[in-house]
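Here's the structure, in structure tokens; my notes come after.
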Amino acid sequence: MIFLIGFMGSGKTTVAQQLSEKLALPLLEMDEEIERQEGTSIKDIFSRKGEGYFRQKETELLQSIKADSVVSTGGGVVEREDNREALHMGKVIYLQASWETIDSRLSNDTTRPLWKGNEQDKKEKFQGRLALYERAADLVVNVDDKSPEVITDEIIRRLNG
Ligand SMILES: Nc1ncnc2c1ncn2[C@@H]1O[C@H](COP(=O)(O)OP(=O)(O)O)[C@@H](O)[C@H]1O
Ligand SMILES: O=C(O)C1=C[C@@H](OP(=O)(O)O)[C@@H](O)[C@H](O)C1
Ligand SMILES: [Mg+2]
């Protein structure tokens, strides 16, 4: 099991897709699976049912994973202790991005309900999570100024190394 963790916009969804293809492992995109189960978008789940409901679904899904796969998590997965423990069943790869990378990638994003507020609010959320990602990670891969292909190949090389 390979888990990709990191802040919104770090590239988890994009890299997990490529990693699953190159490693010939099934892909589990957690947000996509929750959207499928709930029959609506993440944004809609947050606005109708609230973050607490989403977090509960996220934890249930994480705890139900059995098959060896590449798992793209949501950026908030490290916030719950239960989730951090569940991540130990696999290899945890932290896609580490600078604030500048995140802010530029998400400048026009309207799909992420927690990417909101002024610059300061967003930056505080980012900074508040950094230590959680670092502590949960088995492997830290910096993603600034690298293409998804380069990042994917670096992960495979370092997993084998
Ligand atoms: N290595 C990369 N270089 C440039 N843009 C990227 C890279 N990885 C992802 N992106 C872009 O950044 C945005 C967020 O990527 P995404 O994979 O959804 O991140 P996450 O799942 O971590 O929130 C998307 O528009 C995606 O196309
Ligand atoms: O950081 C977060 O709390 C969240 C990140 C999102 O996933 P991405 O990290 O793929 O954007 C998604 O799970 C939800 O909007 C909450
Ligand atoms: Mg994602």
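When a ligand or atom number is given, it counts from 1 through the structure's own listing order.
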Q) Going hydrophobic residue to hydrophobic residue with side-chain gaps under 4.5 angstrom, can you get from Leu106 over to Ile5? A) yes
(Q) Classify the ring geometry of Phe126 against Phe7: parallel below 30°, tilted from 30° to 60°, perpendicular beyond 60°. (A)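 Ring orientation, 0 to 90° scale: perpendicular.
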Q. Taking atom 18 (O) of ligand 1 as the point of reference, which of Arg112, Lys146, Glu149, Gln18 owns the nearest heavy atom?
A. Arg112
**Q.** Arg55, Lys125, Glu58, Lys43: member with heavy atom nearest to atom 16 (C) of ligand 2
**A.**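 It is Arg55 whose heavy atom sits nearest to atom 16 (C) of ligand 2.
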Identity and separation of the nearest protein heavy atom to [atom]:
atom	result
atom 5 (C) of ligand 2	Gly75 N, 3.3 Å
atom 14 (C) of ligand 2	Ile42 CG2, 3.9 Å
atom 2 (C) of ligand 2	Gly76 N, 3.3 Å
atom 7 (O) of ligand 2	Asp31 OD2, 2.8 Å

Any donor and acceptor pair, going by atom type alone, linking the side chain of [X] with main-chain N or O of [Y] inside 3.5 Å?
X	Y	answer
Thr101	Ala97	no
Glu38	Thr40	no
Asn83	Val78	no
Ser69	Ala67	yes

Atoms in ligand 1 flagged as close to [X], the criterion being non-hydrogen separation under 4.0 Å:
X	value
Met8	23 (O)
Pro148	1 (N), 2 (C)
Phe7	22 (O)
Thr14	9 (C), 15 (O), 16 (P), 17 (O), 26 (C)
Gly9	14 (C), 19 (O), 20 (P), 22 (O), 23 (O)

Q | Proximity flag Ile151 to ligand 1, non-hydrogen atoms under 4.0 Å | A | yes
Q) Should Gly6 be listed as contacting ligand 1, given a heavy-atom distance under 4.0 Å as the test? A)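 Judged by the 4.0 Å heavy-atom criterion, Gly6 does not count as contacting ligand 1.
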At a 4.0 Å threshold, what atoms of ligand 2 neighbour a non-hydrogen atom of [X]?
X	result
Gly74	7 (O), 9 (O), 13 (O)
Pro113	15 (O)
Met8	1 (O), 5 (C), 9 (O), 11 (O)
Arg112	11 (O)
Leu114	3 (O)

Q.
Are there over 12 heavy-atom neighbours, none belonging to Arg135, within less than 6.0 Å of that residue's CZ?
A.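 No, because the 6.0 Å sphere around CZ of Arg135 holds 12 heavy atoms or fewer from other groups.
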Could you see which bit of [X] sits under 4.0 Å from ligand 2, with heavy atoms only: side chain, backbone, both or neither?
X	result
Lys12	side chain
Glu32	neither
Arg129	side chain

Q) Under 4.0 angstrom from atom 4 (C) of ligand 1, is there any protein heavy atom? A) yes
(Q) Below 4.0 angstrom, counting only protein heavy atoms, does anything approach atom 25 (O) of ligand 1? (A)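 Within 4.0 Å of atom 25 (O) of ligand 1, no protein heavy atoms are found.
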Q. Among Leu114, Thr111, Asp109, whose side chain to side chain contact (heavy atoms under 4.5 Å, CB included) with Met8 holds?
A. Leu114
(Q) Given Val92, which partner from the list Val140, Thr73, Asp138 fulfils the side chain to side chain contact (heavy atoms under 4.5 Å, CB included) test? (A) Asp138
Q: Run the contact test for Phe54 against ligand 2 with a 4.0 Å cut-off on heavy atoms, strictly below, and give the result.
A: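 Flag set, Phe54 near ligand 2.
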Q) Do Ser72 and ligand 1 have an N or O pair less than 3.5 Å apart? A)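 For ligand 1, there is no N or O atom that lies under 3.5 Å from one belonging to Ser72.
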(Q) Between Trp115 and Lys122, does the side chain to side chain contact (heavy atoms under 4.5 Å, CB included) criterion hold? Intermediate values first, please. (A) CA-CA 7 Å; Trp115 182 251; Lys122 293 174 182 167; 3.6 Å; yes
Q | Heteroatom N/O/S of Thr13 within less than 2.8 Å of the Mg ion (ligand 3) | A |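 Thr13 does place an N, O or S atom closer than 2.8 Å to the Mg ion (ligand 3).
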Q) Between Lys12 and ligand 1, which part of the residue brings a heavy atom under 4.0 Å of the ligand: side chain, backbone, both or neither? A)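 It is both parts that get close, each with some atom under 4.0 Å.
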